[in-house]
2 protein chains.
Amino acid sequence: MDLKTATEIGKCLSNQTRVQIMEWLKEPEKNFPPHETLKHFNDGVCVTYIQEKSGLSQSTISTYLTNMEKCGLLISTRHGKWSYLKRNEKIIKEYIDFIR
Amino acid sequence: MDLKTATEIGKCLSNQTRVQIMEWLKEPEKNFPPHETLKHFNDGVCVTYIQEKSGLSQSTISTYLTNMEKCGLLISTRHGKWSYLKRNEKIIKEYIDFIR
DNA sequence: CAAACATATCTATAATTACCGATATATAAA
DNA sequence: TTTATATATCGGTAATTATAGATATGTTTG
């Protein structure tokens with residue numbers, strides 16, 4: 001990982017809500033209700049659940065999640081009209097190796 | 001580590017210069033000239049060297065380093081009129097364990 | 001195709017951070 | 001104890017980020 005990428009990740013992790021989201025996504029079944037259509041958390045948690053739990057506006061959370069995906073922290077998968085987000089453990093590991 | 005501390009650390013790591021400093025301090029002997037009074041890097045690198053290498057003003061770097069120390073990322077040791085900074089590997093490990 | 005719903009993007013304002021020069025403080029040296 | 005040097009803090013402006021509402025886009029469903 002290069003300095004620029006690491007800094008972008010750092011920016012995502014410089015806000016309490018976004019760090020919290022990363023924590024929530026460690027254990028979807030513990031932190032979110034079950035999905036109604038999809039019966040699993042294989043691709044993570046839908047945006048709506050994250051938004052509701054955060055208490056922030058839809059547009060704010062959408063922007064957060066988009067940036068977190070752009071810098072590689074999250075992986076987004078679309079199923080029909082819903083987007084699901086999960087942690088990108090590979091990039092997280094690369095980031096950890098960079099700062100360690 | 002709690003959410004608040006982790007976010008403070010994230011803020012320190014959300015700026016390219018500060019991330020760069022963390023990298024430089026991994027290998028002081030490679031990245032900085034030898035200290036003239038102190039003959040070692042046991043307590044890290046003096047502020048002046050970090051400031052000169054960064055290209056930013058003395059006041060800016062002093063503020064950066066103070067904040068990085070406050071959130072635990074760096075350890076500061078004073079020898080006479082110089083302050084030396086080194087990475088706090090213990091906190092770095094705790095941070096890594098938190099986000100992993 | 002129209003209506004409903006989920007998400008993304010745009011535009012704007014408030015809050016925070018970046019960064020500097022000036023000045024204060026601490027320490028050492030003369 | 002004056003002077004020089006290293007670091008810290010203060011006060012200000014520019015830049016960036018936080019956040020929301022409005023609107024656009026994409027997708028499903030009737």
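Residue numbering restarts at 1 for every chain, and letters A, B, ... go by the order of the sequence lines.
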Report summary line: Assign each of A:Cys46 and B:His79 the nucleotide of DNA chain C bearing its closest heavy atom; nearer the 5' end lies the nucleotide of A:Cys46
Report the distance from atom [atom1] of [X] to atom [atom2] of [N], rounded to the nearest whole Å.
X       : N      : atom1 : atom2 : answer
B:Lys11 : D:dT16 : NZ    : C1'   : 13 Å
A:Met68 : D:dA18 : CE    : C1'   : 15 Å
B:Asp43 : D:dT7  : CG    : P     : 14 Å
A:Gln16 : D:dT17 : CD    : P     : 19 Å
B:Leu85 : D:dA6  : CG    : C1'   : 13 Å
A:Arg18 : D:dT19 : CZ    : C1'   : 11 Å
B:Tyr84 : D:dA8  : OH    : P     : 13 Å

Query raised in the report: Any link between B:Phe98 and A:Ile9 through a network of hydrophobic side chains (Ile, Leu, Val, Met, Phe, Trp, Tyr) touching at under 4.5 Å?
Result: yes
Query - ILVMFWY cluster, B:Phe41 and B:Ile75 together (side-chain gap under 4.5 Å) - result: no
Report task. Kindly check if the number of other-residue, nucleotide or ligand heavy atoms within 6.0 Å of CD (B:Glu29) is above 12? Result -> yes
Report task. Flag yes if more than 12 heavy atoms outside B:Lys4 fall under 6.0 Å of its NZ atom; otherwise flag no. Result -> no
Query - Contact boundaries on DNA chain C for chain B, cut-off under 4.0 Å to non-hydrogen atoms - result: C:dT17 to C:dA28
Requested in this report: Anything under 30° is parallel, anything over 60° is perpendicular, the rest tilted; go ahead and classify B:Tyr49 against B:His35.
Outcome: parallel
Query raised in the report: Would you say D:dA6 has OP1 or OP2 under 4.0 Å from some side-chain N or O of B:Arg78?
Result: no
**Report entry** Under 4.0 angstrom between B:Asn15 side-chain N/O and D:dT16 OP1 or OP2
**Finding:** no
Classify [X] by what it touches in the nucleic acid, base, sugar-phosphate, or nothing, heavy-atom distance under 4.0 Å.
X       : answer
A:Ser59 : base
B:Leu56 : sugar-phosphate
B:Ser62 : base

Requested in this report: Kindly confirm or rule out a cation-pi arrangement of B:Lys53 over B:Phe32, judged by NZ or CZ under 6.0 Å from the six-membered ring centre and within 45° of its axis?
Outcome: yes
Requested in this report: Check DNA chain C against residues 21-34 of chain B and give the residues with a non-hydrogen atom under 4.0 Å, in numerical order.
Outcome: none
Requested in this report: Name the residue closer to the 5' end of DNA chain D, choosing between A:Gly80 and A:Ser14 according to the nucleotide with the nearest heavy atom.
Outcome: A:Ser14
Query raised in the report: Between A:Lys81 and A:Gln58, which has a closest nucleotide on DNA chain D that is more 5'?
Result: A:Gln58
Requested in this report: Using the side chain to side chain donor-acceptor pair (under 3.5 Å) rule, collect all pairs that involve residues 90-100 of chain A, keeping only residues at least two apart or in two chains.
Outcome: A:Lys90-A:Glu94, A:Lys93-A:Asp97, A:Asp97-A:Arg100
Query - Minimum-distance nucleotide (side-chain atoms of B:Ser83 versus D:dA18, D:dT28, D:dT7) - result: D:dT7
Query raised in the report: Can you check side-chain contact (heavy atoms from CB on, under 4.5 Å) on B:Met68 and B:Ile21, steps first, answer last?
Result: CA-CA 10 Å; B:Met68 291 166 85; B:Ile21 290 171; 4.3 Å; yes
